[in-house]
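This report concerns only the one structure given below.
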Amino acid sequence: QVRLEESGGGLVQAGGSLRLSCTASGRSFEDYAMGWFRQVPGNEREFVAAISVIGESRLYSDFVKGRFGISRNNIANTLFLQMNNLKPEDTAVYYCAAARSVTATRIEAEYDFWGQGTRVTVAS
């Protein structure tokens, strides 16, 4: 069992930046590939970014590539999502998730544990 808690969401103007954090507790954080997903009410949850267990491999969705950066600190049991040049269409609830996988994955079904989400609102 891995417990995940996101933080760092909030309201930001378009073009601004936010840094999301996800703190893990329970089983060994470094055993899990990690990912970020987001969901707008009424829409399907969508993949944002993922990172392998030691961080050598990262995946991004096309709509955030070049603007967002995923990273992790296995000593601090924390996952990060640096979000730059935010756009109103980035407004969503952002979730971190843990996958029983060594490699980064964009497949939602491979993630076993989820946080409760943190809301990001980008004003135009």
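In what follows, every heavy atom counts, from backbone to side chain, and hydrogens, waters and symmetry copies are set aside.
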- Task: First locate atom CZ of F37, then atom CZ of R106, and finally report the distance between them rounded to the nearest 0.5 Å.
- Result: 9.5 Å

- Message: If you apply the rule side chain to side chain contact (heavy atoms under 4.5 Å, CB included), what do you find for T121 with R119, and how did you get there?
- Response: CA-CA 7 Å; T121 303; R119 185 174 302 275; 4.0 Å; yes

- Query: Between V120 and M83, is any pair of side-chain heavy atoms under 4.5 Å apart?
  - Reply: yes

- D90 side-chain N/O to K87 backbone N/O, donor-acceptor pair under 3.5 Å: yes

- Where the side chain of R19 meets the backbone of Q82, is there a donor-acceptor pair that is under 3.5 Å apart? no

- Message: Contact between L4 and E6 at the side-chain level, heavy atoms closer than 4.5 Å - yes or no?
- Response: no

- Message: Classify the ring geometry of Y94 against F68: parallel below 30°, tilted from 30° to 60°, perpendicular beyond 60°.
- Response: tilted

- Query: In terms of hydrophobic clusters joined by side-chain contacts under 4.5 Å, are V93 and F63 together?
  - Reply: no

- Task: Decide side chain to side chain contact (heavy atoms under 4.5 Å, CB included) for R100 and Y32; before the verdict, give the C-alpha distance in whole Å, the side-chain angles of both, and the deciding distance to 0.1 Å.
- Result: CA-CA 5 Å; R100 288 193 182 98; Y32 296 86; 3.6 Å; yes

- cation_pi(R72, F29) dist<6.0 Å, angle<=45: yes

- Message: If hydrophobic clusters are built from ILVMFWY residues whose side chains come within less than 4.5 Å, do V2 and I51 share one?
- Response: yes

- Message: So which atom in Y111 and which in A33 form the shortest heavy-atom distance, rounded to 0.1 Å?
- Response: CE2-O, 4.3 Å

- Message: Within the structure provided, determine whether S52 and M34 are in side-chain contact (heavy-atom separation under 4.5 Å).
- Response: no

- Task: Consider only side-chain heavy atoms of I, L, V, M, F, W and Y, link residues closer than 4.5 Å, and tell whether L86 and Y60 are in one cluster.
- Result: yes

- Message: Show, in sequence, the C-alpha distance, side-chain angles and deciding distance for W36 and L20, and conclude whether the side chain to side chain contact (heavy atoms under 4.5 Å, CB included) test is met.
- Response: CA-CA 10 Å; W36 288 98; L20 304 184; 3.7 Å; yes

- Item | Contact summary for A14 and P88, nearest pair of heavy atoms | CB-CD, 4.1 Å

- Item | Interatomic distance, F80 atom CZ to S71 atom OG [nearest 0.5 angstrom] | 6.0 Å

- Under 4.5 Å between any side-chain heavy atoms of V48 and L81, yes or no? yes

- Counting only heavy atoms not in E56, do more than 12 sit closer than 6.0 Å to its CD atom? yes

- Task: Establish, from distance only, whether the side-chain atoms of N84 and S17 form a donor-acceptor pair under 3.5 Å.
- Result: yes

- Using the ring of Y95 (Phe, Tyr or Trp, six-membered ring only), decide whether R38 places NZ or CZ under 6.0 Å from its centre and within 45 degrees of its axis. no

- Query: Do you know the tightest heavy-atom contact between A50 and T105?
  - Reply: CB-O, 3.3 Å

- Shortest non-hydrogen separation from V40 to A92 and the atoms involved: CG2-CB, 3.9 Å

- Is there side-chain contact between D31 and V53, with at least one heavy-atom pair below 4.5 Å? no

- Is the closest side-chain donor-acceptor distance between S101 and E110 under 3.5 Å? no

- Item | Separation between CD of E5 and OG1 of T78, rounded to the nearest 0.5 Å | 11.0 Å

- Take L79 and I70 through the test side chain to side chain contact (heavy atoms under 4.5 Å, CB included) and record every step on the way to the result. CA-CA 8 Å; L79 175 74; I70 188 171; 3.9 Å; yes

- Message: Under 4.0 Å between a side-chain nitrogen and a carboxylate oxygen: does that hold for K65 and D62?
- Response: yes

- Message: Are R45 and W114 packed together at the side-chain level, in the sense that at least one heavy-atom pair is separated by less than 4.5 angstrom?
- Response: yes

- Any side-chain heavy-atom pair from F47 and L59 closer than 4.5 angstrom? yes

